[in-house]
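Before any comments, here is the structure.
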Amino acid sequence: MKILDKSCYETALKRLDELEMLVTENTLKTDANYLEMDELIDAIDAYEAEAYPIVKPTLGATIQLRMHEMGLTQ
């Protein structure tokens, strides 16, 4: 399964919410809902990694953030 766009992503998140109500720690790993949830989580993770990448901040941005947190100015 691959999520192609934001609409599919939102639908997948809604389905994941539904599955979270059905799958518990006692659910067998061979259960259809468990398997669907597992596949859906992998697809959501892959889409988020591609659509919303987390970039490493620059040193300057890190220093500015820390100064802001400490209430410092240049």
Side-chain angles (χ1 to χ4, degrees):
M1 166 186 269
K2 182 170 177 158
I3 298 173
L4 302 174
D5 57 25
K6 188 167 181 145
S7 174
C8 291
Y9 171 69
E10 291 171 357
T11 302
L13 290 176
K14 287 179 187 175
R15 180 62 182 148
L16 182 60
D17 285 341
E18 294 169 2
L19 288 169
E20 286 178 337
M21 299 296 185
L22 302 172
V23 177
T24 66
E25 2 178 287
N26 299 326
T27 303
L28 296 175
K29 293 184 179 183
T30 56
D31 183 80
N33 289 327
Y34 181 91
L35 295 171
E36 181 184 358
M37 186 174 180
D38 192 43
E39 186 176 342
L40 202 54
I41 289 170
D42 290 342
I44 289 170
D45 284 345
Y47 177 80
E48 287 177 345
E50 185 178 316
Y52 307 109
I54 298 174
V55 290
K56 188 174 179 181
T58 63
L59 178 59
T62 304
I63 292 170
Q64 286 179 338
L65 174 62
R66 187 67 180 131
M67 288 178 67
H68 174 73
E69 291 172 343
M70 297 175 69
L72 301 174
T73 62
Q74 283 183 323

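One is the number of the first residue; the rest follow in order along the sequence. These values consider heavy atoms only, across backbone and side chains, with no hydrogens, waters or symmetry-generated copies.
- Leu65 is not connected to Ile63 by any chain of hydrophobic side-chain contacts under 4.5 Å among Ile, Leu, Val, Met, Phe, Trp and Tyr, and they are in different clusters.
- The hydrophobic clustering, which links ILVMFWY residues whose side-chain heavy atoms are closer than 4.5 Å, places Leu13 and Met21 apart.
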| field | From CA spacing to verdict: side-chain contact (heavy atoms from CB on, under 4.5 Å), Leu16, Ile41 | value | CA-CA 8 Å; Leu16 182 60; Ile41 289 170; 3.9 Å; yes

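- In plain terms, the two heavy atoms of Leu35 and Lys29 that are nearest each other are CD2-O, 3.3 Å.
- Atom-to-atom distance recorded for Glu36:CD and Asp31:CG is 10.0 Å, nearest 0.5 angstrom.
- Shortest non-hydrogen contact noted between Ile3 and Ala12 is CD1-CB, 3.8 Å.
- Counting heavy atoms from C-beta on, the side chains of Tyr47 and Lys6 come closer than 4.5 Å.
- Expressed to the nearest 0.5 Å, how far OG1 of Thr24 lies from OH of Tyr34 amounts to 11.0 Å.
- The salt bridge (charged side-chain N to carboxylate O under 4.0 Å, His left out) search around Glu18 returns Arg15, not counting sequence neighbours.
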| Are Thr11 and Lys14 close enough, and set up right, to give a side-chain contact (heavy atoms from CB on, under 4.5 Å), and what steps lead you there? | CA-CA 5 Å; Thr11 302; Lys14 287 179 187 175; 5.7 Å; no

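- Rounding to the nearest 0.5 Å places CG of Asp38 at 12.5 Å from CG of Asn33.
- Aromatic ring pairs are classed by plane angle as parallel below 30°, tilted from 30° to 60° and perpendicular above 60°; the pair Tyr52 and Tyr9 is tilted.
- Counting heavy atoms of neighbouring residues, nucleotides and ligands inside a 6.0 Å radius, atom CG of Leu72 exceeds 12 of them.
- Taking CD of Glu20 as the reference point, atom CG of Leu40 lies at 9.5 Å (rounded to 0.5 Å).
- Here the CG-CD distance, from Leu19 to Glu39, works out to 11.0 Å after rounding to the nearest 0.5 Å.
- Other residues, nucleotides and ligands place more than 12 heavy atoms under 6.0 Å from the CD atom of Glu69.
- Distance check: Thr73 OG1 to His68 NE2 gives 12.5 Å after rounding to the nearest 0.5 Å.
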